[in-house]
2 protein chains.
Amino acid sequence: MNRPSPTEEDLIQEFGNLYESYGLKRLEGLIVGLLLTQDEPVSLDGMVTLLGHSKGPISIAVRRLDDIGLVKKVNGPVNRRNYYAAHPDLFYNNFQFNMATVRKNRQMAERFLARLEEEEENGQAETVENLKHMRLFYQLMESFYQDFSAQWRKVKQQRLDGDASEKENGEDASRPETSALSE
Amino acid sequence: MNRPSPTEEDLIQEFGNLYESYGLKRLEGLIVGLLLTQDEPVSLDGMVTLLGHSKGPISIAVRRLDDIGLVKKVNGPVNRRNYYAAHPDLFYNNFQFNMATVRKNRQMAERFLARLEEEEENGQAETVENLKHMRLFYQLMESFYQDFSAQWRKVKQQRLDGDASEKENGEDASRPETSALSE
DNA sequence: TGGAACGTTTTGAAGTTTCCAAACGCCGGA
DNA sequence: TCCGGCGTTTGGAAACTTCAAAACGTTCCA
């Protein structure tokens, strides 16, 4: 349980802001940020003292984060306590959330298209047209997400392999061939 | 100003739910949903009667939707009125929002990495490691988003060309070569 | 069989959001 | 210049969210 440095404090707060802007709970972001700065698992009471929030909300937030796979229950020094760490696939798991909503959007378009098709009413041509646009868009997006998913797994594997054999070489050797990043 | 059919009513409500779950305003979703069912532009008062909400909130919501490019001011029958329609690139513009947050995430990782690097304190190794993971993830994601962006523009162009030459052929002829979609 | 050490649930207060109703301001046309 | 139609802003009520404090339940150990 290392007390965060000032920079790490800022990091934690930024994660709070980030999660808040996503429509999630600020406290959940604070917890995730905190765990990213800790090399050892943190207990509930640890979070209470490190974050300065009270136990009730933290208990609930941590359970939720565990449910959605952003945080992981792990073993720690004291037996009776629950210890948590950032999930090793935190970012990827969070992404899978987005992927699910993309799929939901596509399915929504398809569901309504089917409904309109069997109704055969007139005056709904524009709706049908827009739903087809929507379906096409999210179909394409879904396929990109799946490709991304596969690629990331590959990159992550390379990263693990690299760490195992040639530890300590400063920069990442395993960066994939990406298109040039703007800015 | 066509009163939505029952199915279209459902569609509008679902858009409300969707936007709400994104952390946006439910009313904004209702408006977007409504405009997707209308083949003619709708005035503010039109939305009031079609949605059954009052004018104040609609005025604000519509302005915001216009700002972020999900809705477009267009000309309509009566001169003094403001008419709105769903933006032709609604889904794409919404996606660009996501792309911006991905970029922000990458930049956040880089910003803190730079800060930690120049501080040279110890006990922050885990934070650095996690931030490198974060950076790598969002770098890859960003490059996929850019590829998707380019591809979508191409698909959209094909779609327009197709519509212009061979109108009315039931199904989309311009679907791109995507990987197989699950389910 | 206590009782200490936990995590969870409940309660209530404070803040925030969301909405309607109504007042307001602006712009054209009589 | 007044008046009617329109969008915007304001005020306030109701619902919801977020959090701390404290009561509660459970488990392990003396």
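Per chain, numbering begins at 1; letters A, B, ... match sequence-line order. In this text, all values refer to a predicted model and were calculated from it rather than measured experimentally.
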Under a 3.5 Å threshold, yes or no: a donor from one side chain and an acceptor from the other, between B:Asn17 and B:Arg26? yes

Tabulate protein N/O versus nucleotide N/O from nucleotides 8-10 of chain C, keeping only pairs under 3.5 Å, one per line.
unit_1, atom_1, unit_2, atom_2, d
C:dT8, OP2, A:Ser59, OG, 2.6
C:dT9, OP2, A:Arg63, NH1, 3.1
C:dT9, OP2, A:Arg63, NH2, 3.0

Under 6.0 Å between the ring centres of A:Phe15 and B:Phe112? no

Regarding A:Gln157 and A:Asp161, is there a side-chain donor-to-acceptor distance under 3.5 Å anywhere? yes

I want to verify a distance call: between C:dC6, C:dC19, D:dG7, whose nearest atom is closest to the B:Arg81 side chain? D:dG7

With a 4.5 Å limit on heavy-atom distance, are the side chains of A:Arg111 and B:Glu14 in contact? yes

In whole angstroms, how far is the C1' atom of C:dT17 from the CD atom of B:Glu28? 13 Å

When rounded to whole Å, the CD to C1' distance for the pair A:Glu20 and D:dC19 reads 13 Å

Between C:dT18 atom C1' and B:Ile58 atom CD1, what is the distance in whole Å? 13 Å

Ring pair (Phe, Tyr, Trp, His ring centres under 6.0 Å) partner of A:Phe144, chosen from B:Phe148, B:Phe95, B:Tyr145: B:Phe148

Checking side chain to side chain donor-acceptor pair (under 3.5 Å) against A:Tyr92, which of A:Arg153, A:Lys156, A:His87 comes through? A:Arg153

For atom NZ of A:Lys25 and atom C1' of D:dT17, their distance in whole Å: 8 Å

The nucleotide from C:dC19, D:dT18, C:dC6 with an atom nearest the side chain of A:Asp45 is C:dC6

Measuring to OP1 and OP2 of D:dC19, would you say a side-chain N or O of A:His53 lies under 4.0 angstrom away? no

